[in-house]
There are 2 protein chains.
Amino acid sequence: MLPTAQSCPRPSSTLARFHLSDTLTPNAPTTLIEVAQQAGVSPSTVSRILNGTAKVSDEKRRAVLDAIAKMNFAPNPMAQALKKGKSMTIGIVVQDIASPFFDETLHGIDQALNGTGYASVIVSGHWNAAEEIDRIRLLLARKVDGIILLSGRITDESVLQFSKHKPIVSTGRALQTERALGFKIDNEYGARLATQHLIELGHRHIAFITGPANHTDADERLSGYKKALAEAGIAYNPKIVVDGDFHENSGLRATTHLLETKQKFTAIFAANDLCAYGARLSLYRKGIRVPEDISLIGFDDLPSSAYTTPPLTTVRQPLCDIGRIAAQALLHLINGDAVETSIPPLELVVRETTKRLKN
Amino acid sequence: MLPTAQSCPRPSSTLARFHLSDTLTPNAPTTLIEVAQQAGVSPSTVSRILNGTAKVSDEKRRAVLDAIAKMNFAPNPMAQALKKGKSMTIGIVVQDIASPFFDETLHGIDQALNGTGYASVIVSGHWNAAEEIDRIRLLLARKVDGIILLSGRITDESVLQFSKHKPIVSTGRALQTERALGFKIDNEYGARLATQHLIELGHRHIAFITGPANHTDADERLSGYKKALAEAGIAYNPKIVVDGDFHENSGLRATTHLLETKQKFTAIFAANDLCAYGARLSLYRKGIRVPEDISLIGFDDLPSSAYTTPPLTTVRQPLCDIGRIAAQALLHLINGDAVETSIPPLELVVRETTKRLKN
DNA sequence: CTGTTAGCGCTTTCAT
DNA sequence: ATGAAAGCGCTAACAG
C-alpha cells in the first residue's frame, strides 16, 4: 500500500563510540616530526608505519602508534598531496546542484566514495558548455585526482582532451579509453517501454513533451517514442509532439498548448518526470482528470514521483546505481586498473497515472 | 497563471571566449620557478605579482605576466595551502545530500562562494549526531578553512568546541562568538502564520503532523501551532496531533492514522512540505478532496510545492538566502571580520490547498 | 624594488 | 630495519 519511492538505502548508521574530548584540543595540530621525537624514532619510520611502506620492528611500531594515539596525530593532507602529487579529492560536475535528478546520483557517488579516503568537490555547469569547461578547468587547477561528469554538455572530444590531464568518467555518453570512460542508459529503450505501455492500454493518440533541443537523452527518448509508435502501426503526428526543456514549467506550458490548440490525445508521455509534474498541473487546472481522462507517464522516477497525486507511472532510471558505478569506475581509472561497467536496465514503474482507455 | 516556484535565480550564464586548446596541453604542469626562469626574475618576484604582496617594476611584471600566459601557469593550490596554512576550501555538512531542502540552501552557498576562490566539500550527517561529529572531524582533518553546518543534530557546545579549530557557522541555532555563528529562522512565527491562516478560513479542528522528536525546528513549529490555537481560543486537542519525521511517508502514515481513527478535523498542518506531500497522497487514496473537503498547509516551500496537485499552500523559508548568508558570514569569520546577519522573514504563500470552511 | 634563504609537513631514495 | 637528507611548489622574512 505504501508507495515505493526510488532511493538508495539511507543507512541509519550507528557509529559507536565517539569521545568529543578526544580531538577537540584546539592546540596547533601535531606534526609527524613531533610524533617521531615523542616515539624516539626518525620521521621516516613514522611515515613507513603510516603508509605500510616498509617493515618496522614491533617495538618501534608500538612506540609510534602510542605516540600517534597520545598526541592525536593525523597527517596533514596538504603536505601529503604536495609530496605525492595526489590530492585524494575528486571533482564532480553536475548541471544543477539543486535538482532531484542529480541528487540521487550524487548520493550513489557518496556511497562509493565513503571510506575510500577520497573527498569530492561538486561544481555546477548549469547546462552550459562554456561554463562546464570553465568548471572542469577549475577542478583541474585544484588538482583533483579525477573527474565525474554528469550529463555534460561538452563534446566527447573535450572530454577526451581533459582526460589527458586526469581520468574522467562521464554519464550520458559512450566512451572507453585508458583514462576516460563514458556510459549511458538506453534512453530509446526506456522511451519505447513507456510508449508501449500506453499503447497496450489502448491509447493511439499519445502526445509527447520533448526535452531540450540538442540534448542526447532527449533526442533518444523522442526516437524511442517514434519507434514504438511505428512498431504499433500508429502514424506519427507532429502536432502532438511539443517542446519542453525537462523542467516543470515547460511541461505545464506544453500541455496547456496542447489543450488550447484542441489537439486530440488521450495520453501524454513527458520526456522526464519534472516535465510530467508540470503537465499534471496543467491538466488539473483545466479540470481534466488523471488517469480517467488522460493518462500520463514520465521518465526518471524521481523520489517524489511516488508521492504525486496520483503517484506517477514512469520509467525508472537507476540514478543511485549510476552514481555508485561511476565513482567506482573512476577510482579504478585513477589506480590504473581496468574497468568494466554494467548498469542495471531501465524499468517501467506502473503507478497510478496511466489507465486502460475505455471503450 | 504560472505557479511561482521558489528558487534562486539560475543564471543562464554566458561565459564568453574559451579556447579549448589553451590549457589542454597534457604536459606536466608548470611551476612558479620555471616561470621565473623564463621571465628572467626570481621566484619571489613571481610570487609577489601573483599575490600583489609588493610593488614590482612594470618591466618585470610584464615579463612575468607574459611568461605566465605563455606557459599557461597556475599556482599549485597544495603548495600554497601547505605554505599559507589555508586550503581555500570550506566544508559543508548537510544531513542528506539528496534532499530538496538542503539543495536550495546549497545553491545559495554556491552563489556566495562563486568567484571567491573557495571551493567546498560537502558531507552528509544523515541526521545522526555521531556521524555528524565524525564528518566534521573529517573536514577538519582535511584542513578546511571553515565549516557550514546545516541543521545539525549536535549540541551547541560541540559546535563551540569545533569552532576552536576552525570558524563555523550553523543554521538552526542561535550562537555568536568570535569564531562561531548560528542563526535561525523563527519557526514559531512561521507555524503561527500557517495556523492563523487556517483559523481565518474558519477552521477550528486543525490536525498537526509533527517533525522528528527532539528536533528544534519541529518543536518550535508545534509550539507556534499551539500558540496560534490558544490565541484564537481554540482548545488544543492532542488526538489530532500526530507524529511525523519530516519525510513523505510519515505524512502519509500520520494522515491515514488520523482518518482511520475517525478524528474530527477539517484541516492539516504538516510540519514540513515533504510531510504534506505524504498527507496529500493519503487523502487522495481515501477519496478526500483538497481543499474542498480538507485544507492542507505545509512548511518550507520547496521548489516542487508549486507543482503539486493542487499547488501547496505553505510557509516560505528563504532557503537560498540562508545559504548565501551563511557562506558570506563564514567568509567573514575566516577573515576575522565582524559579521552581522539578518535573514529575510518567513512568509505565508497561499496557493491552492487551503480553502474557507463552508457551513 | 628585488634576490637569497628558509622552511610549510610529509615521503622517499640512499645509505648503513 | 632504520636514519639522514633531499625535495614537492610555493611564500615570507631578511637583506640589500
Side-chain angles (χ1 to χ4, degrees), chain A residues 27-68 71-89 117 140-145 165-166, chain B residues 27-68 71-89 117 140-145 165-166:
Chain A
N27 29 0
T30 325
T31 74
L32 178 147
I33 303 217
E34 292 165 339
V35 171
Q37 289 169 342
Q38 163 85 22
V41 300
S42 77
S44 350
T45 301
V46 179
S47 174
R48 285 182 184 113
I49 293 177
L50 248 30
N51 300 286
T53 317
K55 235 161 231 158
V56 174
S57 73
D58 270 5
E59 184 189 17
K60 307 216 170 200
R61 150 167 280 114
R62 183 168 298 284
V64 169
L65 257 21
D66 268 15
I68 288 181
M71 310 175 78
N72 204 278
F73 166 77
N76 181 329
M78 322 315 275
Q80 293 187 130
L82 182 56
K83 186 70 206 179
K84 305 204 213 183
K86 280 198 60 179
S87 63
M88 293 307 281
T89 303
L140 254 16
R142 279 223 159 228
K143 304 291 180 194
V144 295
D145 296 333
H165 296 263
K166 294 288 174 184
Chain B
N27 29 1
T30 324
T31 74
L32 178 146
I33 302 217
E34 292 166 338
V35 172
Q37 290 170 340
Q38 162 86 22
V41 300
S42 77
S44 355
T45 301
V46 179
S47 175
R48 285 180 186 114
I49 293 176
L50 248 30
N51 301 286
T53 317
K55 233 157 234 160
V56 175
S57 74
D58 270 6
E59 186 189 18
K60 306 215 171 201
R61 150 165 281 114
R62 184 168 298 284
V64 169
L65 258 20
D66 268 16
I68 289 181
M71 311 175 77
N72 205 279
F73 166 78
N76 182 330
M78 321 316 270
Q80 293 186 130
L82 182 57
K83 184 71 208 181
K84 304 203 212 182
K86 280 197 60 179
S87 64
M88 293 307 281
T89 301
L140 254 16
R142 278 222 161 229
K143 303 292 178 192
V144 295
D145 295 333
H165 296 262
K166 294 288 174 183

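Below, chains carry the letters A, B, ... as their sequence lines are ordered, and counting in each starts from 1.
- Phosphate proximity of D/dG9 to B/Thr31: absent, as no side-chain N or O sits under 4.0 Å from OP1 or OP2.
- In this structure, of C/dC8, D/dA1, D/dG3, it is C/dC8 that holds the atom nearest to the side chain of B/Leu82.
- Contact annotation: side chain of A/Lys83 to base of C/dG9, donor-acceptor pair absent below 3.5 Å.
- The side chain of A/Leu50 sits closest to C/dT11 out of C/dT2, C/dT11, C/dT13.
- Between the CD atom of B/Glu34 and the C1' atom of D/dC10 there is a distance of 13 Å, given to the nearest Å.
- When side chains are defined from C-beta on, A/Ser87 counts as touching B/Met78, because their heavy atoms get closer than 4.5 Å.
- An OP1 or OP2 oxygen of D/dC8 is reached within less than 4.0 angstrom by no side-chain nitrogen or oxygen of B/Asn76.
- Between B/Ser44 and D/dA12 there is no side-chain N or O to OP1 or OP2 distance below 4.0 Å.
- Rounding to whole angstrom units, NZ of residue A/Lys143 and C1' of D/dC8 are separated by 11 Å.
- Here the side chains of B/Arg142 and A/Thr89 are in contact, with some heavy-atom distance below 4.5 Å.
- Following rounding to the nearest Å, B/Met78 (CE) and D/dG7 (C1') show an atom-to-atom distance of 17 Å.
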message: B/Val35 vs B/Thr30, test: side chain to side chain contact (heavy atoms under 4.5 Å, CB included). Steps then yes/no.
response: CA-CA 7 Å; B/Val35 172; B/Thr30 324; 4.2 Å; yes

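- The nearest heavy atom of DNA chain D to A/Pro43 and to A/Lys60 marks one nucleotide each, and the one closer to the 5' end goes with A/Lys60.
- Side-chain N/O atoms of B/Gln80 include none lying less than 4.0 angstrom from OP1 or OP2 on D/dG9.
- Nucleotide D/dG9 holds its P atom 23 Å from the NZ atom of B/Lys86, rounded to whole Å.
- At whole-Å resolution of the value, CD in B/Gln37 and P in D/dG9 are 12 Å apart.
- Between A/Leu32 and A/Leu50 the shortest side-chain heavy-atom distance falls below 4.5 Å.
- Closest approach to the A/Ala79 side chain among C/dT2, D/dG3, C/dC10 is made by C/dC10 (side chain taken as heavy atoms from C-beta onward).
- Positionally, the nearest nucleotide of DNA chain C for B/Arg61 lies more toward the 5' end than for the other of A/Ala74 and B/Arg61.
- A/Ser47 comes within contact range of at least one nucleobase, with a heavy-atom separation under 4.0 Å.
- The NZ atom of B/Lys84 sits 5 Å away from the P atom of D/dT11 (whole-angstrom rounding).
- At a threshold of 4.5 Å between non-hydrogen side-chain atoms, the residues A/Pro29 and B/His165 do not count as touching.
- With D/dA1, D/dC10, C/dT2 as the choices, the nucleotide that has an atom nearest any side-chain atom of B/Phe73 turns out to be D/dC10.
- Taking the side chain of B/Arg48 as heavy atoms from C-beta on, and the options C/dG9, D/dT2, D/dA13, the nearest nucleotide is D/dA13.
- The shortest distance between side-chain heavy atoms of B/Val64 and B/Arg61 does not fall below 4.5 Å.
- Which of D/dA1, D/dT11, D/dT2 sits closest to the side chain of A/Ala54 comes down to D/dT2.
- Rounded to an integer number of Å, the gap from A/Ile33 CD1 to D/dA6 P is 14 Å.
- Atom CG of B/Leu32 and atom C1' of D/dA12 are 13 Å apart (whole Å).
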